[in-house]
K.L.:
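Here's a structure for you.
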Amino acid sequence: MPSTSSTSRTRSRPHHSRAALAFGAVLAMLSLTTAAVHASGAQARGSAQAAGLPYQDPSLPVAQRVDDLLGRMSLDEKIGQMTQVDRTALAAAPNDLAAYRIGSVLSGGGSAPSPNSAGSWADMYDGFQRTALSTPLGIPMIYGIDAVHGDNNVYGATIFPHNIGLGATRDAGLVQQIGHATAEEVSGTGIDWDFAPCLCVARNDRWGRTYESFGETPDLPSQMTSEITGLQGETLGGPASVLATAKHYIGDGGTDGGVNEGNATLTEAELRAIHLPPFKAAVDRGVGSVMVSYSSWNGVKDHANHYLITDLLKGELGFSGFVVSDWAGVDKIDGAQGFTAAEVATAVNAGIDMVMVPTDYKAFVSDLRSDVSSGAVSTARIDDANRRILTKKFELGLFEHPLTDRSYTSTVGSADHRALARKAVRESQVLLKNDGGVLPLAKSAKVFVAGKSADDIGNQSGGWTISWQGASGATTQGTTILQGIRSAVNNSSQVTYSKTGDGISSAYDVAVAVIGETPYAEGQGDRTGSMGLDQTDLAVLAKLKASGVPVVTVLVSGRPLDIAAQLPDWKALVAAWLPGTEGNGVSDVLFGDYAPTGKLPVSWMQSASQEPVNDGDGKTPLFPYGYGLTYGTTTPPTTPPPTTPPPTTPPAGSGCTATFTLTNSWSGGFQADVSVTNKGASALGGWKVAWTQSGATISSLWNGTLAQNGSAVTVTNAPYNGAVAPGASVSFGFTANGSAPSPLPVPTCTAS
Ligand code: BGC
Ligand code: BGC
């Protein structure tokens with residue numbers, strides 16, 4: 001929990017000393033900058049500083065400093081503290097930050113200074129801060145940013161895997177370290193406040209923000225609230241302490257159809273069971289701020305919901321920090337463009353303490369002022385909001401150390417942080433298929449690498465990277481997956497790369513296809529129709545398949561994709577998620593420098609039409625939540641070649657035979673493929689394969705429909721592979737828990 005007093009801590013922070021300003025220095029600086037801002041303000045502040053007022057005294061408890069300061073503030077100053085604007089809105093009139101006493105500035109996704117370097121971020125921050133300090137009371141502004149996978153707006157910053165990959169690591173300690181590393185990079189650019197972590201529980205992979213979720217069960221995001229401790233430190237105000245934000249409260253990942261900013265139709269029991277636990281965990285860890293979700297709950301916008309914000313979050317959970325609205329979230333309450341005084345009153349009365357306006361601050365300030373004069377918003381509510389905001393500013397030590405601590409600036413993109421990111425990438429890879437132990441690849445292998453995401457930092461980083469939506473291409477510094485592969489092999493000349501797959505031939509030992517999604521953020525990422533691979537990827541895969549070379553697919557995507565139809569063509573499948581800038585973490589797994597440990601943080605759909613599919617819902621996914629293979633200790637990487645029993649003899653005149661092949665086994669489970677061949681003279685309309693299998697239970701089956709009754713297993717065709725021409729084959733595959741059958745079963749096949 002945050003402590004109530006930060007006094008001794010903030011005074012004993014030697015690392016911040018370079019950022020601390022002596023009062024005299026502040027005054028000297030102010031005398032140069034304030035004339036154009038608030039001529040009388042600078043003098044008033046000067047005398048306030050000289051007087052050494054109680055709120056300026058770091059030896060007093062925070063609560064007492066807040067009381068003292070509140071007692072000196074006008075209504076306009078209090079309204080200003082509740083106002084947050086994007087930096088671009090101040091570009092034309094930077095001094096409005098002081099004139100309107102604005103309490104907070106943000107960078108929306110990609111809103112960066114030019115040039116986009118750590119040093120110019122720090123300069124920009126200090127410029128805003130000096131303006132804020134020039135006001136009579138000298139209340140520092142707080143600057144917020146979306147550092148959602150590292151300090152991702154800053155060119156050259158370390159980009160960590162997006163949350164879905166971190167969920168796959170199951171490593172809350174690692175996530176805490178990532179939070180701390182991110183806080184160091186953020187601190188080095190001056191910024192005090194991070195709009196992270198997203199504690200969304202993504203229940204439908206159609207949602208474009210699925211990758212911002214640590215996973216589909218409430219416990220994964222709850223465990224990963226360790227990131228909050230990493231960002232803030234054990235208490236606010238310590239070394240490189242950055243205020244964290246639990247977002248988006250509440251139910252953002254639970255909307256109908258996975259529609260971004262949509263409506264979550266849920267009973268209160270469901271909302272509490274699925275979406276509340278991570279926020280409770282965050283509050284218990286002392287998270288400093290909470291951001292409200294754009295979404296609605298049973299038709300009511302969260303931004304307008306007094307019960308959720310005030311009663312449940314602040315009351316029942318005891319959240320003592322401040323609540324911020326989402327970007328123009330107040331505007332969306334009445335469904336019409338822009339905000340009105342009525343919407344502002346609704347939001348503030350619901351319990352929102354600071355409004356991410358983010359542009360028209362003049363209208364916002366005037367609306368909130370008129371709400372107070374009309375009585376629509378009480379002064380008690382204004383005071384409560386200010387108390388919450390100012391408490392965090394004091395606890396962070398902003399009054400004592402308002403400027404950038406440049407001792408952290410060189411941590412941006414540092415070797416240490418990149419090494420941590422590489423470790424996270426390694427741990428986040430989920431091995432989903434490994435027929436015949438094709439992985440790990442030998443370092444002497446002749447490798448053909450193809451696909452649009454093999455050599456693309458932008459694709460492997462995803463949305464919220466340099467720009468809001470992210471972009472393909474060399475958008476920032478890092479190591480691509482191809483570069484990782486080249487440095488992993490014995491001799492990089494053994495690696496041939498063709499983005500399009502042209503030039504593949506039987507001369508290669510293996511083809512690695514690095515394919516998947518291109519960057520997107522928020523609603524732009526919603527997928528309402530197909531969730532399959534794009535034409536570019538399918539074209540590459542067709543070329544690789546035609547060569548006959550074994551294909552290993554590395555899927556770079558923000559979520560599971562509908563790949564059941566292609567899976568049989570692949571010897572191995574690795575879900576790489578959106579790994580970020582350290583692509584050598586992927587090659588560490590491909591070449592066996594690290595045996596995979598990642599586990600699915602989400603259920604993997606059989607097909608898009610199965611969405612939503614979640615752990616415990618009774619549906620049979622392609623790969624279940626928690627699934628993930630490794631290179632096995634009981635089954636060495638060199639798995640014995642698949643054994644194939646003799647096929648069953650087809651009954652005279654009838655259709656089909658079935659052949660069971662064991663493709664992989666490990667302690668406690670195995671994977672198998674069954675191929676179905678039409679030996680008859682006429683086309684099959686459908687098929688049914690049956691066998692008995694004791695001591696094992698199928699946990700996941702693809703390209704077929706499973707019925708399991710004790711040891712009797714029956715699989716009928718999937719809707720799309722029932723039709724089999726004479727002489728042709730189709731196949732299905734499955735994984736099972738239990739021991740691999742020996743001898744292998746001989747299934748019967750009947751045409752249907
Ligand atoms: C997003 C938030 C983000 C905010 C500021 C909104 O559109 O929903 O997650 O923190 O913008 O960039
Ligand atoms: C901003 C994002 C914000 C989004 C909301 C963009 O212009 O850059 O930060 O989340 O708008 O729609």
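Atoms within each ligand, like the ligands themselves, are counted from 1 in listed order. Throughout, residue positions are numbered sequentially from 1 according to the sequence presented.
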K.L.:
Report yes if the side chains of Asn163 and Leu166 come closer than 4.5 Å at any heavy-atom pair, otherwise no.
P.N.:
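A side-chain contact under 4.5 Å exists here.
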K.L.:
Yes or no: does Glu212 have any heavy atom under 4.0 Å from an atom of ligand 1?
P.N.:
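Glu212: no contact with ligand 1 (<4.0 Å).
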K.L.:
Answer yes or no: is there a side-chain heavy-atom contact under 4.5 Å between Phe195 and Leu106?
P.N.:
yes
K.L.:
Going by the order shown, which atoms of ligand 1 are within less than 4.0 Å of some heavy atom of Lys247?
P.N.:
2 (C), 3 (C), 9 (O), 10 (O)
K.L.:
Check step by step if side chain to side chain donor-acceptor pair (under 3.5 Å) holds for Glu212 and His162.
P.N.:
CA-CA 6 Å; Glu212 294 189 59; His162 267 299; over 6 Å; no
K.L.:
Report the relative orientation of the aromatic rings in Trp193 and Phe322; use parallel for angles under 30°, tilted for 30 to 60°, perpendicular for over 60°.
P.N.:
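Ring orientation of Trp193 relative to Phe322: perpendicular.
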K.L.:
Please report the closest heavy-atom contact between Glu517 and Gly558, naming both atoms and the distance.
P.N.:
OE1-N, 3.0 Å
K.L.:
Give the numbers and elements of all ligand 1 atoms closer than 4.0 Å to a heavy atom of Phe195.
P.N.:
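In order of numbering, the contacting atoms are 10 (O).
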K.L.:
Could you tell me, atom by atom, which parts of ligand 1 come under 4.0 Å of a heavy atom of Glu522?
P.N.:
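Going through ligand 1 atom by atom, the ones under 4.0 Å from Glu522 are 1 (C), 6 (C), 7 (O), 8 (O).
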K.L.:
Which atoms of ligand 1 are found less than 4.0 Å from any heavy atom of Arg209?
P.N.:
1 (C), 2 (C), 8 (O), 9 (O)
K.L.:
Under a 4.0 angstrom heavy-atom cut-off, which atoms of ligand 1 come close to His248?
P.N.:
2 (C), 8 (O), 9 (O)
K.L.:
Determine, step by step, whether Asp302 and Trp297 satisfy the side chain to side chain donor-acceptor pair (under 3.5 Å) criterion, reporting the C-alpha distance in whole Å, the side-chain angles of both residues, the deciding distance to 0.1 Å, and the verdict.
P.N.:
CA-CA 7 Å; Asp302 286 8; Trp297 177 41; over 6 Å; no
K.L.:
What atoms of ligand 1 come within less than 4.0 Å of a heavy atom belonging to Trp327?
P.N.:
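Once the distances to Trp327 are compared, the set is 6 (C), 7 (O), 11 (O).
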K.L.:
Is the distance between the ring centroids of Tyr249 and Phe319 less than 6.0 Å?
P.N.:
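Ring centroids of Tyr249 and Phe319 are no less than 6.0 Å from each other.
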K.L.:
Kindly indicate whether the side chain of Asp126, heavy atoms from C-beta on, has any atom under 4.5 Å from the side chain of Arg406.
P.N.:
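Touching, per the 4.5 Å side-chain cut-off.
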K.L.:
Short list, please: which atoms of ligand 1 are under 4.0 Å from a heavy atom of Met291?
P.N.:
2 (C), 10 (O)
K.L.:
Taking a cutoff of less than 4.0 Å between a non-hydrogen atom of the residue and any ligand atom, is Tyr294 in contact with ligand 1?
P.N.:
yes
K.L.:
Given Asp146, Asn153, Ile145, which has its nearest heavy atom closest to atom 3 (C) of ligand 1?
P.N.:
Asp146
K.L.:
Hey, which atoms in ligand 1 end up nearer than 4.0 Å to a heavy atom of Asp326?
P.N.:
1 (C), 2 (C), 3 (C), 4 (C), 6 (C), 7 (O), 8 (O), 11 (O)
